[in-house]
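Worksheet: the structure to be examined is printed underneath.
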2 protein chains.
Amino acid sequence: MFKKFKIPDATIGRLSMYSRYLSEADEKGITTVSSQDIAQATGVTPAQVRKDLAYFGEFGTRGVGYNSRELYTYIMKILGLDKRWSIAIVGAGNLGRALSKYKGFQQRGFDIVCIFDNDPKKIGKKLANINIYPLDQLEEKVKELKIDLGIIAVPASAAQEVADMLVGAGIRGIINFAPINVTVKENIILRRVDLAAQLEYLTYYLEETR
Amino acid sequence: MFKKFKIPDATIGRLSMYSRYLSEADEKGITTVSSQDIAQATGVTPAQVRKDLAYFGEFGTRGVGYNSRELYTYIMKILGLDKRWSIAIVGAGNLGRALSKYKGFQQRGFDIVCIFDNDPKKIGKKLANINIYPLDQLEEKVKELKIDLGIIAVPASAAQEVADMLVGAGIRGIINFAPINVTVKENIILRRVDLAAQLEYLTYYLEETR
DNA sequence: AAATCTTTGTTAAAAATTTAACAACCATTA
DNA sequence: TAATGGTTGTTAAATTTTTAACAAAGATTT
Ligand SMILES: NC(=O)c1ccc[n+]([C@@H]2O[C@H](COP(=O)([O-])OP(=O)(O)OC[C@H]3O[C@@H](n4cnc5c(N)ncnc54)[C@H](O)[C@@H]3O)[C@@H](O)[C@H]2O)c1
Ligand SMILES: NC(=O)c1ccc[n+]([C@@H]2O[C@H](COP(=O)([O-])OP(=O)(O)OC[C@H]3O[C@@H](n4cnc5c(N)ncnc54)[C@H](O)[C@@H]3O)[C@@H](O)[C@H]2O)c1
């Protein structure tokens, strides 16, 4: 579909930001935006914006700028957000609960369709009206509900095991919130989100001036 | 203290990972580890490990490797985790609740000491035994409790306002979970954590094979 | 219709980061 | 004490990413 030679990871993250700004702009009735506008709103440079977009095609008009709605639609398509995606969360704890109650994912095309846990007290209950199942129903549900994405929200000690099960069940992309390195086979897309590490980034910079 | 010319951001994140592995290794009684071992455990290359460490000094012994506990201590010091840090969370919603109940932060030296919200129904209550205060007590509490770090867990529409208040109150580092670009003055360390963007990274790569 | 003003897309340059290679060094063994 | 094996720290090379510059192109003005 699009030329997908090697695009910087950071570009993908920025496209998400751009798309949010564009949808806002469009809602406000701003039909045309410049790379300058996008840059200002998202905290990058105009050159960066143009470069990021140039990987995927020509979306603007010289001397004018970009049509907000049009560019928004293009970016959403690039990100695969012209379709909806089903997600399974594993781990109905603090984090699993927060994620499953979050309305923002739906708005971006994500449906959390089921939750898994190994705690008998939680199985059979619901979170945000989403059923909690035992892990042995993982494969069945992934197939039945055509689930592509998995979120690991279990303790680090169980994360690799859960990752293996998700992959075994046919899931193709995983977000891992457990603070441990998890490995998956080649063709699975894995993303680690380490919240403590984010805090530690702050303390690294503040440490010397304390 | 340490030579802090420009260190890649990614290096800081990897140091967090290394430190986790090292503490595990130490607990298991593994006194010596090689860059190879660290690399394998954290999913990077041995050269990368050595390069990352070389920014800060010489911690190993050629022909031998690194002393686990010693290197752990060094890295924790580099990250500023030889001291404890106090955190204020703003937003006692889904995410704020999950973060405040999370035990893992304490273990890394972080104490969530108070929570702020503007909802009268939540003010005066507690989350994980931490008091929820109204926003107009922010400055007072930041000073009283010597709070350095703030976490923004409010809706995007309130994020900039909250960031300004945090900075005004004297906070020096901020994690922003709201999906919007927030700006702060030069000397404040700001980190954005965009969870939806993480999912969108997955869909970007899966999009074409769906 | 020519001149001017804007803003994109692209190319080149610069900067940053990662990877690779290897000399230096330590420990162990012969 | 010399030789061997193993691992670091460092330097150089390769790669990736960002920044800058500007020609190309559309809109507006004279
Ligand atoms: N809560 C946070 O704010 C936060 C912050 C940073 C990182 N994390 C990480 O996210 C993960 C989840 O954190 P949490 O606070 O929600 O933990 P939690 O203890 O509240 O919840 C973990 C859940 O996983 C379930 N579980 C345990 N083993 C399982 C298994 N093998 N299969 C299925 N379910 C299993 C438990 O029953 C529990 O419901 C942890 O790895 C944690 O380190 C959480
Ligand atoms: N929950 C998630 O899993 C999740 C995932 C991704 C991003 N986020 C982002 O994190 C932020 C918080 O998400 P959430 O799900 O916890 O939202 P939430 O609506 O559950 O909670 C928001 C809280 O902020 C409080 N609040 C609102 N305006 C405020 C203000 N001006 N000052 C102080 N408090 C105020 C509300 O009273 C509420 O308690 C949002 O920006 C959201 O987009 C959340």
Side-chain angles (χ1 to χ4, degrees), chain A residues 2-18 21-22 25 30-72 74-75 78 181 201 204-205, chain B residues 2-18 21-22 25 30-72 74-75 78 181 201 204-205:
Chain A
F2 300 98
K3 32 174 181 166
K4 289 206 180 165
F5 44 97
K6 184 52 188 163
I7 310 288
D9 276 8
T11 291
I12 312 305
R14 286 190 296 263
L15 289 179
S16 292
M17 297 199 300
Y18 303 160
Y21 165 70
L22 290 166
I30 304 169
T31 55
T32 303
V33 299
S34 65
S35 58
Q36 175 74 252
D37 297 332
I38 300 175
Q40 184 131 49
T42 57
V44 303
T45 65
Q48 183 77 269
V49 171
R50 295 200 297 276
K51 193 74 214 281
D52 285 339
L53 296 174
Y55 287 121
F56 301 98
E58 301 186 10
F59 307 109
T61 309
R62 295 175 191 218
V64 181
Y66 305 90
N67 178 284
S68 310
R69 190 175 304 179
E70 206 174 287
L71 183 56
Y72 170 79
Y74 275 125
I75 294 181
I78 292 168
N181 184 245
Y201 175 92
Y204 167 77
Y205 282 107
Chain B
F2 300 100
K3 32 173 179 164
K4 289 205 180 168
F5 43 97
K6 183 53 190 163
I7 309 289
D9 277 6
T11 291
I12 312 305
R14 286 191 296 263
L15 289 179
S16 292
M17 297 200 299
Y18 303 160
Y21 165 71
L22 290 166
I30 303 168
T31 54
T32 303
V33 300
S34 65
S35 59
Q36 175 74 252
D37 297 332
I38 300 174
Q40 183 130 50
T42 57
V44 302
T45 65
Q48 183 76 271
V49 172
R50 296 200 297 277
K51 193 78 217 283
D52 285 338
L53 295 175
Y55 288 120
F56 301 97
E58 300 186 11
F59 306 109
T61 310
R62 294 176 193 217
V64 181
Y66 306 89
N67 177 283
S68 309
R69 189 174 305 178
E70 206 173 288
L71 183 56
Y72 170 79
Y74 276 125
I75 293 181
I78 291 167
N181 184 247
Y201 176 91
Y204 168 77
Y205 282 107

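Heavy-atom basis, side chains included; hydrogens, waters and symmetry copies ignored. A note on names: the letters A, B, ... follow the listed sequences, proteins ahead of strands, and every chain is numbered from 1.
- The base of dG9(C) sits within donor-acceptor range of the side chain of Arg50(A), with an N or O pair under 3.5 Å.
- Rounded to whole Å, atom C1' of dT17(C) lies 16 Å from atom CG of Leu53(B).
- At the phosphate of dT7(D), neither OP1 nor OP2 sits under 4.0 Å from any side-chain N or O atom of Gln36(B).
- As judged by a 4.0 angstrom heavy-atom cut-off over every strand, Thr11(B) is placed among residues making no nucleic acid contact.
- Between Gln48(B) atom CD and dT15(D) atom C1' the separation is 13 Å, expressed in whole Å.
- Residue-to-nucleotide proximity on DNA chain D shows that, of Val64(A) and Gly63(B), the 5′-proximal contact is made by Gly63(B).
- Of all nucleotides listed (dT18(C), dA23(C), dG9(C)), dG9(C) comes nearest to the side chain of Tyr66(A).
- With rounding to the nearest 0.5 Å, the separation of CD1 in Ile7(A) from OH in Tyr205(B) is 8.0 Å.
- Nucleotide dT8(C) holds its C1' atom 15 Å from the CG atom of Asp52(A), rounded to whole Å.
- Distances from the side chain of Pro8(B) to the nucleotides dT18(C), dT7(D), dA20(D) place dT18(C) closest.
- One interatomic measurement links the two molecules: OH of Tyr55(A) to P of dT8(C), which rounds to 17 Å at whole-angstrom precision.
- Spacing between atom CZ of Phe59(B) and atom C1' of dT7(D) amounts to 17 Å, rounded to whole angstrom units.
- Closest approach to the Arg62(A) side chain among dT7(C), dT18(D), dA24(C) is made by dT7(C) (side chain taken as heavy atoms from C-beta onward).
- Following rounding to the nearest Å, Asp9(B) (CG) and dT18(C) (P) show an atom-to-atom distance of 10 Å.
- For the residue pair Asn181(B)/Thr42(A), the side-chain donor-acceptor check at 3.5 Å is not satisfied.
- Minimum heavy-atom separation, Tyr66(A) to Gly60(A): CD2-CA, 3.4 Å.
- Of the possible polar contacts, one joining the Asp37(A) side chain to the Ser34(A) backbone as a donor-acceptor pair under 3.5 Å is found.
- The separation between Asn67(A) atom CG and dG26(D) atom P is 17 Å, rounded to whole Å.
- The nearest heavy atom of DNA chain C to Lys51(A) and to Thr61(B) marks one nucleotide each, and the one closer to the 5' end goes with Lys51(A).
- Taking 4.0 angstrom as the limit, Ser34(A) places none of its side-chain polar atoms (N or O) nearer than this to OP1 or OP2 of dT7(C).
- Nearest heavy atoms, Ala39(A) versus Pro46(A): CB-N, 3.4 Å.
- Residue Glu58(A) has its side chain nearest to dT10(C) when only dG6(D), dT10(C), dT7(C) are considered.
- Distance Ile12(B) CD1 to dT18(C) P: 11 Å, rounded to the nearest Å.
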